[in-house]
Amino acid sequence: MNQRVNDFAIKIASANGTGSSSANGLIMQAIFRMGIPVTGKNLFPSNIQGLPTWYEIRVNGNGYTARTPIFDLIVALNAATFDKDVAEVRSGGWLLYDSTSPLPQDRLRSDITYIGVPLAKMCNESFKGVRERILMKNIAYAGALGALLDIDTDVLVALTKEKYGRKPALLESNQTAIDLGFNYVKENLDCPLPIRLEKMTATEESILIDGNTAAALGCLYAGATVGAWYPITPATSIMEGFTGFCQKYRKDPESNQNRYAILQAEDELAAIGMVIGASWAGARAFTPTAGPGISLMSEFLGLAYYAEIPAVVFDVQRSGPSTGMPTRTQQGDLMLCAYASHGDTKHICLYPSDPREAFEMAVKSFDLAERFQTPVLVLSDLDIGMNDWMVPKLTWDDSYEPDRGKVLDAAELEAAKSFYRYLDVDGDGIPYRSLPGVHPKGSYFTRGSGHNKFGAYTEDSDEYREVLDRIAVKVNSAADHVPAPFMRGSGKARIGIITVGSCHAACLEAMALMAKDGLEVDYMRVRGFPFGKDVEHFIDSHDENFVVEMNRDGQLRNLLILETGVAAKRLESIRIYSGMPMSAANVMEGVLAKQGVLA
Amino acid sequence: MNQRVNDFAIKIASANGTGSSSANGLIMQAIFRMGIPVTGKNLFPSNIQGLPTWYEIRVNGNGYTARTPIFDLIVALNAATFDKDVAEVRSGGWLLYDSTSPLPQDRLRSDITYIGVPLAKMCNESFKGVRERILMKNIAYAGALGALLDIDTDVLVALTKEKYGRKPALLESNQTAIDLGFNYVKENLDCPLPIRLEKMTATEESILIDGNTAAALGCLYAGATVGAWYPITPATSIMEGFTGFCQKYRKDPESNQNRYAILQAEDELAAIGMVIGASWAGARAFTPTAGPGISLMSEFLGLAYYAEIPAVVFDVQRSGPSTGMPTRTQQGDLMLCAYASHGDTKHICLYPSDPREAFEMAVKSFDLAERFQTPVLVLSDLDIGMNDWMVPKLTWDDSYEPDRGKVLDAAELEAAKSFYRYLDVDGDGIPYRSLPGVHPKGSYFTRGSGHNKFGAYTEDSDEYREVLDRIAVKVNSAADHVPAPFMRGSGKARIGIITVGSCHAACLEAMALMAKDGLEVDYMRVRGFPFGKDVEHFIDSHDENFVVEMNRDGQLRNLLILETGVAAKRLESIRIYSGMPMSAANVMEGVLAKQGVLA
Amino acid sequence: MSFIAKPKVHHPALQRNEIGLTRRDYEGAITTLCAGCGHDSITAAIIQAFWQLSIEPYRVAKLSGIGCSSKTPAYFLREAHGFNSVHGRMPAVASGAGAANRELMLIGVSGDGDSLSIGLGQLCHAIRRNLNLTYVLENNGVYGLTKGQFSASTDVGSTNKRGEPNTMQSIDSVLLALSLGATFVARSFSGDKQQLVPILEAALKHKGFAFIDVISPCVTFNDHEGSTKSYAYTRKHQLEVVQADFVPLREEITAEYEPGTEHRVVMHDGSTVRLRKVEEDYDPTDRDRAYAYIRESQTKGEIVTGLLYVSEDSREMHEQLGSIPQSLTKVPYRDLCPGSAELEKLQARFR
Amino acid sequence: MSFIAKPKVHHPALQRNEIGLTRRDYEGAITTLCAGCGHDSITAAIIQAFWQLSIEPYRVAKLSGIGCSSKTPAYFLREAHGFNSVHGRMPAVASGAGAANRELMLIGVSGDGDSLSIGLGQLCHAIRRNLNLTYVLENNGVYGLTKGQFSASTDVGSTNKRGEPNTMQSIDSVLLALSLGATFVARSFSGDKQQLVPILEAALKHKGFAFIDVISPCVTFNDHEGSTKSYAYTRKHQLEVVQADFVPLREEITAEYEPGTEHRVVMHDGSTVRLRKVEEDYDPTDRDRAYAYIRESQTKGEIVTGLLYVSEDSREMHEQLGSIPQSLTKVPYRDLCPGSAELEKLQARFR
Ligand SMILES: Cc1ncc(C[n+]2csc(CCOP(=O)(O)OP(=O)(O)O)c2C)c(N)n1
Ligand SMILES: Cc1ncc(C[n+]2csc(CCOP(=O)(O)OP(=O)(O)O)c2C)c(N)n1
Ligand code: SF4
Ligand code: SF4
Ligand SMILES: [Mg+2]
Ligand SMILES: [Mg+2]
């Protein structure tokens, strides 16, 4: 059989709460330390213990890190999903199982290889106590995989030491468990398998980080001082990350007091209210949430839009509608976020595609929110937010100065003849604002009810419309300030692929694969809303455009139709919305189906 | 000067809380009783006392009842708005003022006629007590207008008697006040004016009713038994009306107990939750609200969509975003209502254009909600909801049977082999449902989290998608069941006008006026969402389409673009969004501007 | 007093109740909660209470919000309709269901996050409405399903898994309910089935809002040392003041308590709740003394449990509304629609 | 020309306070409320309190929700930033503003609809957080701005303008606040400036959440049972026209009385409210006795007014959070950003 070095995918099936995620993380990290590009997707249930959970690891020497739905090896440790797992191994692939119990002989496939390792038996013999036995069974399969895939044992040992160095008992158990798995395989089986690893140097300038941690770092670096939140999967770890970073980096060196305030609100309505209050008072403030939270924040988002108050909201999208599948990914809030709230509204949105962009766009979101005095929504998703991605190291430009927008300070107010909050002084649609507690001349009355350009209450038609019109101009002008689309390709292909967010990796891979097959395509990933002229231009320049996205109704396509004015029929749609990340195969199938060449 | 019989518009400017609406109502009703088509628009402030309020009355023998912004006569009783009011009289028109105090001579126009009536003086002399004097001053101007416009005195007398017949003291005061105004004018001024009334017989088969009362009647006739609400202008009077009707028509004849339950909820989130709970339990239930309420209901609307629970919501639209101008009209929630909530959702919407349709569509909404097991939003607006409109009498077909949709009763459940809540048994996308408390075999678990077609919890991609896909089919299939668009015209004109809701009257009038000028147009008013094929067909059949609506961002146009697939450039936009109802002039200007013939 | 360690439902010889059903007929799907979770014990108590009361399962509607606790209605009464609504908003859905069909027996299950944070307003207003609902707050002092954040019932000083103490004072749901005039207020412990079952029975028979706060340890995120909602802490600090003893209509009261220690409350269907006062000076029908007693014990670090307060003249929502006694869903349409002639007539008003 | 006389704030000789400002410097825009509305009297008291405390207006931030009451921040302290937010959600906005800038002096104004219905959860949680905010609940037992619906503070039996009685029990905000552990709880009456002003002053100086429920008659829509008696004629006239839109001109109700005494106040419609000012020797530092005292008076039909409870060891939100004493908005960006070198370093974790 062909060797497949540094190019394969494995999947580990277990149950929630058994500790398998330590083992999975260990494997991922070991491969990464071997210098080989790798990604992991954690498919966990919306409960705490006992339901099926999977972990997918894709190794790809070329750096393609999108999810692939084809698995060379599956570690099937969950009896409840065993049949389904067996079915998912590619023909000619391998299935690792715990041979402590015999395989159900009637349900076996003949085109795959079964690898039995007596995980439970070995661990029961080596460890005492139910907990430890269960936990170490997982570590033992990591050892087994180490031998089967040729994971560098030095790396494994080093990692275990780093992790448990300060807990000698744990360290010992872990090392024993790894050895159990490793040695059993080495002694009893032919290894490594034809799918195997070989050291590279492709990850030296990279990190393995999840998008929520990266976004939290972005908030830290942007100088956010107030965070308000209500726990919700998959957004929770943004605030948990931010809290951790603040505890480390935001203590007053003398008093050890906090230079930040994090409020766990009673719900999402309160969380966004707090962000609005804090931003109004002059802090950089943000709240992380998911779809249900955005729905609940709708009324307040309209207030912030109309009263022109900055607010940064992270929407880590999950599968909706309603509670949906809270632990599965989707891009189902694109329309809601763009136009949230009753009346005429439009919100600036940013669309990171990976943790690195989550970091960068977190920073950008505050600049835009303060510059345009309006909510900015950063739409990531569960895949970006909660999975570890390999991305280039984050960098920081120390010359960065926050763009606080048009805020008048005490001296400016003192010097000013007059101050009117909603006056378009500069003709760019952006008025000046003042902060409470700064200067008597800065005072004005913020309200979501009708107001004129001087900030006074009004029910006069013309005065009311004047302000609304200016706000439309203002928000639309942000199109030139949101991150420009990511483009790739000659620009001359007949076919254009358009996407957003975490579909990026799958699209790039599909593009490369199709190029190999002789089908050249151009590529654009939108990164901000409202769209700039370049977005329309890209569509216009291609005979056929495919919009790739993860929702049922083609929401990105809808936004493109509404905002660029291109005809609907100019945009074909490729949609995946069952909770799994996009794969290159999904993209290619979609494109090729329309080329009369079914993939 | 030309006589303008039964074709003019007047406006009364006063302050909130002074009781002028009694007088205004009296004038309106008197004209109506004279058999002459008439409409009134009440422009009131968002406060209780002391802020400017206007009442516009348009008399039109031809039955054109849209708002007109050109006033022949203004009764200017509010010093705070005097200058503005003076400015709004058409050249050659009249201004009636209280001549108890002299006019500000420096601010007068020479092209209008000032009519002084010493309202305060006369009332101070004839009545005792501050209250009565203020109140009767208003009634006195009604008397004065009676003389100026030739209102039938018998009608005035009869109306006053009907109203105050049981309160002799009040009746006397009112009659005195009317006489004061009437006689003063008769004795001191040339009357009637060239704008005047003449009896007709055009209103015999009509009523004067506001849309909220009509909607409440619709809920009564539809058999709604549970109403949940939170007070909000301009929706409040739907539930106040429903309460009144129930108190009259929904008492158990023996026990005098209620055959209805009305819950004043603590907020809109609770109100929609109650409607969902009641509908789930098998009642016809509804909630009236306005934009801010819809924003707050977003999360629950997504639940009802995904868990497939009927719910009827009335959105009496007002000027947004945010609190906006709560006492001004708009059509700003079209997009929000169509797609409310995170994730992929789409909701059935109905768009009444006047109180009669508010009645009919209220009934229809319950049939659709139960047939399609999903929320139905009825989008009226402040103009329809709170102003008195002249419409043909409401009629009722006693053979009407509520369409309760696919609900299995105890016998059916008993007989059934199995019952699965989300199974597409009939292949039409609509599953069967069962009600709690009916039969053990009907039990299932309703949830907004992932579920498969059997109603079981799932996190499986395919199972999850299967249900979501069916729901999309189901809701889209409602396009054939929502009321068909209202069409007028030969269908062969080059130009099509498309509108929604309360813009109807203005469009029809504009259509007639343009026809007079030789410009033939076709007309379509959409009445339900999702749109049927006829909507797309209409657009396709016209070279130029104008979408007339009352919001800033062209939300109807957006819906048309998204849902019919027509190119954006095929739809010109005519938008008014400053809180005033649409006028024929607005429509004509918009159309003619594009014909190179500026109006 | 018995503490049940595992969520096991016993079926001794599959005993049958008055309507011929076994306890198994009151079960639901298999739990997906963590082994040892207090919520599962409450589920078992609920099953027991319904079985003992011989209620036909399909006449019940079970509702919840979102959380580990809110999942539990799936685990009992499989023949009853269930409704897992949205986070914190179960009281509204239950109010609607109850408004539509007052013949349904409603039970709502919620968590401390669901009830005391996002859903606090709704809980208070359902109390105010005196909705005929048995409301079980499965109180673990933590957000279980979202993995261990503090909830509004976390006590000051109680630590999370990382050892960080909570600084905000907690909301005591029982004090809150009393101050709002709730007509039935109880507190119990998931580990004390003997106490919990009769309280549940009494609650189900109460006409009005029956509020039961049940301390229900989260073994995964809040059962460590330093937590005041752990099994160990609760066992040590629990103080039972009143023991409820539910006596169905047809059963005679056998044992007599010592005079002065007993209070009998007759439910609307004639059944009786006997409240045995473990603490002599406790009066479960005096709202204000109940409040004062709980506050006192609180300062002593004690958690008072039992049926703490029951109003003898509770008027539930429909009584206040003046509704017909039947479900509104049973009124035939012809009795709801005034018909065309009346429509013609009433329009005289609009001329 | 003006139709309606508005309550005037008197300026006896334009006296100056310690920082040289006159009362006029603490005023705002002209009120647009009904003549005689209790809310306007509260506005006057707020102006007086700030003036007496010699607070620089611009250091204050005044916040509110939506309602007639919530409009009032526009009518005082024109040099302070104001924020008329959304209905019921002022506590969240205030919490955010306070989190960002603890040097601001925060005052929030709300109504009984705003606070006890849609905003109940937020109010409770702001209390729990012990946000450093003076919270004035202008309580008229009615939804003023939406024209007269019952609010959650409407008493049982009280009737609306159509004469229908309320059947649901009311939420007593003061009991609620006490049961939640509020650190400053007071009740007063809009017409008793002598009592209200010092309470406001104390509240503004309190470190933490200072809750003041102020009974504030709505001249236009409050209409209690029994009111027909003495004003029969007026009512007869009023009914029809109120529905039209006439708002009668009314004098504001005032009542100044001595501590310890009971005072009967006749409302605009002739109904009577019995106010009792706490005795001079009342101990406002005992939370539980305060609660018991209020409950007792309630059963006697009396409304207790005064500074009812103040905690002597209130720890406001920032103290709990461990924040720096300055406004977070004053920390220079260079002290907030760890810089590129640290970013490089910390990423070791992610390898
Ligand atoms: C609107 C909304 N916000 C947040 C969440 C996430 N969420 C799910 S359960 C939960 C808290 C559960 O805590 P609790 O009610 O105490 O239940 P427990 O799991 O502890 O039993 C949260 C915040 C959600 N589902 N919906
Ligand atoms: C979300 C939302 N729902 C409803 C309303 C309508 N509304 C405005 S004020 C108000 C109630 C005001 O009552 P209260 O707070 O007691 O103030 P009052 O006018 O009596 O002083 C309501 C329901 C609104 N503005 N926003
Ligand atoms: S996380 Fe806690 S509350 Fe949730 S199931 Fe596990 S033990 Fe129970
Ligand atoms: S309606 Fe009532 S609360 Fe509102 S301003 Fe008038 S008197 Fe005051
Ligand atoms: Mg909990
Ligand atoms: Mg009020």
Side-chain angles (χ1 to χ4, degrees), chain A residues 32-33 207-209 217 220-221 223 225-226 228 249-250 252 255 257-263 265-267 269-283 285 299-300 303 393-398 400-402 434-440 442-449 457, chain D residues 29 32 56-61 63 66 73-74 77-86 89-101 103-104 121-122 124-125 128-129 317-318 321-325 327-329 331 333 335-344 346-347 349-351:
Chain A
F32 177 78
R33 288 273 181 99
I207 52 172
L208 267 187
I209 191 172
L217 262 177
L220 180 81
Y221 273 73
T225 51
V226 176
Y249 296 108
R250 285 285 183 76
D252 183 279
S255 66
Q257 285 167 329
N258 298 340
R259 285 168 166 167
Y260 64 94
I262 294 170
L263 304 178
E266 59 272 33
D267 61 14
L269 288 98
I272 183 69
M274 289 168 177
V275 167
I276 289 171
S279 301
W280 175 77
E299 190 195 16
F300 253 133
L303 172 78
K393 269 189 195 161
L394 310 180
T395 54
W396 187 251
D397 175 358
D398 285 319
Y400 168 83
E401 278 294 331
S434 63
L435 304 178
V438 170
H439 194 281
S443 78
Y444 70 100
F445 206 77
T446 307
R447 47 164 75 82
S449 46
Y457 181 83
Chain D
T32 59
E56 284 168 289
Y58 83 94
R59 296 192 179 280
V60 178
L63 301 104
I66 299 285
L77 269 62
R78 80 171 67 76
E79 286 186 348
H81 271 57
F83 199 143
N84 199 184
S85 65
V86 293
R89 319 288 177 195
M90 172 264 282
V93 178
S95 297
N101 184 351
E103 297 175 51
L104 283 176
Q122 294 221 335
C124 294
H125 279 271
R128 178 168 179 251
R129 213 171 278 136
M317 184 181 79
H318 276 290
L321 290 174
S323 320
I324 53 168
S327 166
L328 293 175
T329 60
V331 184
Y333 174 67
D335 289 344
L336 296 173
C337 178
S340 63
E342 188 57 39
L343 185 61
E344 170 68 28
L346 72 84
Q347 289 181 85
R349 242 175 81 180
F350 305 120
R351 293 225 11 117

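Chain A is the first sequence line, chain B the second, and so forth, proteins listed ahead of strands; every chain is numbered from 1.
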S.K.: Please look at A:Ala270 and chain D and tell me whether the side chain, the backbone, both or neither of the residue comes under 4.5 angstrom of a heavy atom of that chain.
M.R.: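 Its backbone and side chain both get close to chain D.
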
S.K.: In terms of heavy-atom pairs under 4.5 Å with chain D, which of A:Ala283, A:Ala281, A:Pro436, A:Ala261 leads?
M.R.: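 That would be A:Pro436.
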
S.K.: Taking side chain as everything from C-beta outward and backbone as N, CA, C, O, which of these in D:Gln122 sits under 4.5 Å from a heavy atom of chain A? Side chain, backbone, both or neither.
M.R.: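 The answer is both parts of D:Gln122.
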
S.K.: State, yes or no, whether a side-chain contact exists between A:Ile207 and A:Leu394 at a heavy-atom distance under 4.5 Å.
M.R.: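 When only atoms from C-beta onward are counted, A:Leu394 and A:Ile207 do touch, with a gap below 4.5 Å.
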
S.K.: Chain A: which of D:Leu63, D:Leu321, D:Ile66 shares the most heavy-atom pairs with it under 4.5 Å?
M.R.: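 It is D:Leu321.
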
S.K.: When heavy-atom pairs shorter than 4.5 Å are enumerated against chain A, which of D:Ala341, D:Ser340, D:Gly98 gives the highest number?
M.R.: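 Highest number of heavy-atom pairs under 4.5 Å: D:Ser340.
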
S.K.: With chain D, which of A:Pro440, A:Gly437, A:Gly448 has the greatest number of heavy-atom pairs at distances under 4.5 Å?
M.R.: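 The candidate making the most pairs under 4.5 Å is A:Pro440.
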
S.K.: Do side-chain atoms of D:Glu79 reach the backbone of A:Ser443 as a donor and acceptor pair under 3.5 angstrom?
M.R.: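 Not confirmed, D:Glu79 side chain does not pair with A:Ser443 backbone.
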
S.K.: Given side chains that start at C-beta, do those of D:Gln347 and D:Arg351 come closer than 4.5 Å, heavy atoms only?
M.R.: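 No, side chains not in contact.
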
S.K.: Side chain, backbone, both or neither: which part of D:Met90 has an atom under 4.5 Å from a heavy atom of chain A?
M.R.: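 When you check distances to chain A, no heavy atom of D:Met90 falls under 4.5 Å.
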
S.K.: Does any heavy atom of chain D fall under 4.5 Å from the side chain of A:Leu208, the backbone, both, or neither of them?
M.R.: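 Its backbone and side chain both get close to chain D.
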
S.K.: May I ask you to name which of D:Pro57, D:Ala29, D:Cys124, D:Ala99 has the most heavy-atom pairs under 4.5 Å with chain A?
M.R.: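 Of the options given, most contacts go to D:Ala99.
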
S.K.: For the candidates A:Val438, A:Asp252, A:Asp397, A:Thr395, which exhibits the highest count of non-hydrogen atom pairs separated by less than 4.5 Å from chain D?
M.R.: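 Max contact count across the listed options: A:Val438.
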
S.K.: Name the option with the most non-hydrogen atom pairs under 4.5 Å to chain A; the candidates are D:Arg59, D:Arg78, D:Arg89.
M.R.: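 Answer, by heavy-atom pair count under 4.5 Å with chain A: D:Arg89.
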
S.K.: When heavy-atom pairs shorter than 4.5 Å are enumerated against chain A, which of D:Val86, D:Leu346, D:Val331 gives the highest number?
M.R.: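 Most heavy-atom pairs under 4.5 Å with chain A: D:Val86.
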
S.K.: State, to 0.1 Å, how close D:Ser327 and D:Asn101 come at their nearest heavy-atom pair, and which atoms those are.
M.R.: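 For D:Ser327 and D:Asn101, the tightest heavy-atom pair comes out as CB-OD1, 3.0 Å.
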
S.K.: Are the side chain of A:Tyr221 and the backbone of D:Pro338 linked by a donor-acceptor contact shorter than 3.5 Å?
M.R.: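 Checking the backbone N and O of D:Pro338 against the side chain of A:Tyr221, no donor-acceptor pair under 3.5 Å is found.
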
S.K.: Would you mind checking which part of A:Ser434 comes under 4.5 Å of any heavy atom in chain D, side chain (CB onward), backbone (N, CA, C, O), both or neither?
M.R.: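 The answer is both parts of A:Ser434.
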
S.K.: For A:Val275, is it the side chain, the backbone, both or neither that has a heavy atom under 4.5 Å from a heavy atom of chain D?
M.R.: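 Neither; nothing under 4.5 Å.
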
S.K.: Where is the tightest heavy-atom contact between D:Ser95 and D:Met317, given as atom of each residue plus distance?
M.R.: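 For D:Ser95 and D:Met317, the tightest heavy-atom pair comes out as O-CE, 4.0 Å.
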
S.K.: Rounded to the nearest 0.5 Å, what separates atom OH in A:Tyr400 from atom SG in D:Cys337?
M.R.: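 Between A:Tyr400 OH and D:Cys337 SG, I get 8.5 Å after rounding to 0.5 Å.
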
S.K.: At a heavy-atom separation under 4.5 Å, does A:Leu435 approach chain D through its side chain, its backbone, both, or neither?
M.R.: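 The backbone, not the side chain.
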
S.K.: Highest number of heavy-atom pairs under 4.5 Å with chain D: which of A:Asp267, A:Leu303, A:Ile276?
M.R.: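 Winner by heavy-atom pair count: A:Leu303.
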
S.K.: Name the member of A:Glu299, A:Arg250, A:His439, A:Arg447 that forms the most heavy-atom pairs with chain D at distances under 4.5 Å.
M.R.: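 Heavy-atom pairs under 4.5 Å are most numerous for A:Arg250.
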
S.K.: Would you confirm whether A:Tyr457, through its side chain, and A:Phe445, through its main-chain N or O, come within 3.5 Å as a donor-acceptor pair?
M.R.: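 No.
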
S.K.: Could you look at A:Arg33 and say if it's the side chain, the backbone, both or neither that has a heavy atom under 4.5 Å from chain D?
M.R.: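 For A:Arg33, side-chain heavy atoms alone lie under 4.5 Å from chain D.
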
S.K.: With sequence neighbours left out, write down each residue that passes ring pair (Phe, Tyr, Trp, His ring centres under 6.0 Å) with A:Phe32, or none if nothing qualifies.
M.R.: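 By the ring pair (Phe, Tyr, Trp, His ring centres under 6.0 Å) rule, A:Phe32 matches no residue at all.
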
S.K.: Tell me, side chain or backbone of A:Leu269 under 4.5 Å from chain D's heavy atoms, or both, or neither?
M.R.: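 For A:Leu269, heavy atoms of backbone and side chain both lie under 4.5 Å from chain D.
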
S.K.: Taking D:Ala92, D:Ala74, D:Pro91 one by one, which has the highest count of heavy-atom pairs under 4.5 Å against chain A?
M.R.: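 Most heavy-atom pairs under 4.5 Å with chain A: D:Ala92.
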
S.K.: Taking side chain to side chain donor-acceptor pair (under 3.5 Å) as the definition, give me every residue that meets it alongside D:Glu103, ordered by chain and number, with sequence neighbours left out.
M.R.: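 Side chain to side chain donor-acceptor pair (under 3.5 Å) check on D:Glu103 returns D:Lys330.
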
S.K.: Quick one: does A:Gln257's side chain get under 4.5 Å of D:Pro325's, heavy atoms only?
M.R.: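 A:Gln257 vs D:Pro325: side chains touch.
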
S.K.: Yes or no on side chain to side chain donor-acceptor pair (under 3.5 Å) for A:Tyr249 and D:Glu342, after CA distance, side-chain angles and deciding distance?
M.R.: CA-CA 10 Å; A:Tyr249 296 108; D:Glu342 188 57 39; 2.7 Å; yes

S.K.: Which bit of D:Tyr333 comes within less than 4.5 Å of chain A, counting heavy atoms only: side chain, backbone, both or neither?
M.R.: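 Only the side chain of D:Tyr333 comes within 4.5 Å of chain A.
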
S.K.: Can you confirm whether D:Tyr58 sits close enough to D:Val60 that some side-chain heavy atom of one is under 4.5 Å from a side-chain heavy atom of the other?
M.R.: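 They are not in side-chain contact.
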
S.K.: So which part of A:Thr225 gets closer than 4.5 Å to some heavy atom of chain D, the side chain, the backbone, both or neither?
M.R.: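 Both the backbone and the side chain of A:Thr225 come within 4.5 Å of chain D.
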
